[in-house]
Amino acid sequence: MRAENARSIVDGNAAAGMLWDVFGADVTALVGVCGGCGDTSALAEAVVELDEAAAIVRCRACTHTLFTVLRDGDRVRLVLGMLHEIVR
């Protein structure tokens, strides 16, 4: 999805439902480290480009794609990008 095709650009909390489908828990409070710039922040603070089939989760500091959640019918996939690590 290109940014101009996103239905909305929101914070990481908007991806909570799709992430629940992947992990079976609310992971938006977990802290992610961007492999591009080293920014450390809660996933809830990330920038998310969202539509009905995908959530592109980007670093709030440098806009690198941390990961993408894709929904295809009943199937949900997580595609890792520049997410270096998740810390508690």
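In this chain, residues are counted from 1 in sequence order. As a basis for the values below, the full set of heavy atoms in this structure was taken, side chains included, without hydrogen atoms, waters or symmetry mates.
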SG-CG distance between Cys34 and Leu66, expressed to the nearest 0.5 angstrom: 5.5 Å
Heavy-atom pair of closest approach, residues Met18 and Ala55: SD-CB, 3.8 Å
Distance from Ser41 atom OG to Arg60 atom CZ, nearest 0.5 Å? 4.0 Å
Considering non-hydrogen atoms only, spot the tightest contact between Leu43 and Phe67 and give its length. CD2-CE2, 4.0 Å
Do you see a donor-acceptor pair shorter than 3.5 Å between the side chains of Arg58 and Thr65? yes
Ile56 vs Val48 side-chain heavy atoms within contact, under 4.5 Å: no
Give the other cluster members for Val33, using side-chain heavy-atom distances under 4.5 Å between Ile, Leu, Val, Met, Phe, Trp and Tyr residues; answer none if it is isolated. none
Set of residues satisfying side-chain contact (heavy atoms from CB on, under 4.5 Å) with respect to Val22, sequence neighbours excluded: Val69, Val76, Leu78
For Ala42, what residues pass the side-chain contact (heavy atoms from CB on, under 4.5 Å) criterion, not counting sequence neighbours? Glu45
ILVMFWY network linking Trp20 to Leu70, side-chain heavy atoms under 4.5 angstrom: no
Spatial distance of atom OG1 (Thr40) from atom CD1 (Ile86) [nearest 0.5 Å]: 12.0 Å
Can you tell me which residue pairs pass the side-chain hydrogen bond (donor to acceptor under 3.5 Å, both in side chains) test with a partner in residues 70-87, sequence neighbours excluded? Asp21-Arg71
Nearest atoms (heavy-atom pairs only) where Val10 meets Ala14: CG2-CB, 3.1 Å
Atom pairs and distances, side-chain donor-acceptor, residues 23-30, under 3.5 Å, sequence neighbours left out:
| residue | atom | partner | partner atom | Å |
| --- | --- | --- | --- | --- |
| Asp26 | OD1 | Thr28 | N | 3.0 |
| Asp26 | OD1 | Thr28 | OG1 | 2.7 |

Provide the full list of salt bridge (charged side-chain N to carboxylate O under 4.0 Å, His left out) pairs with a residue in residues 9-20, sequence neighbours left out, each pair given once. none
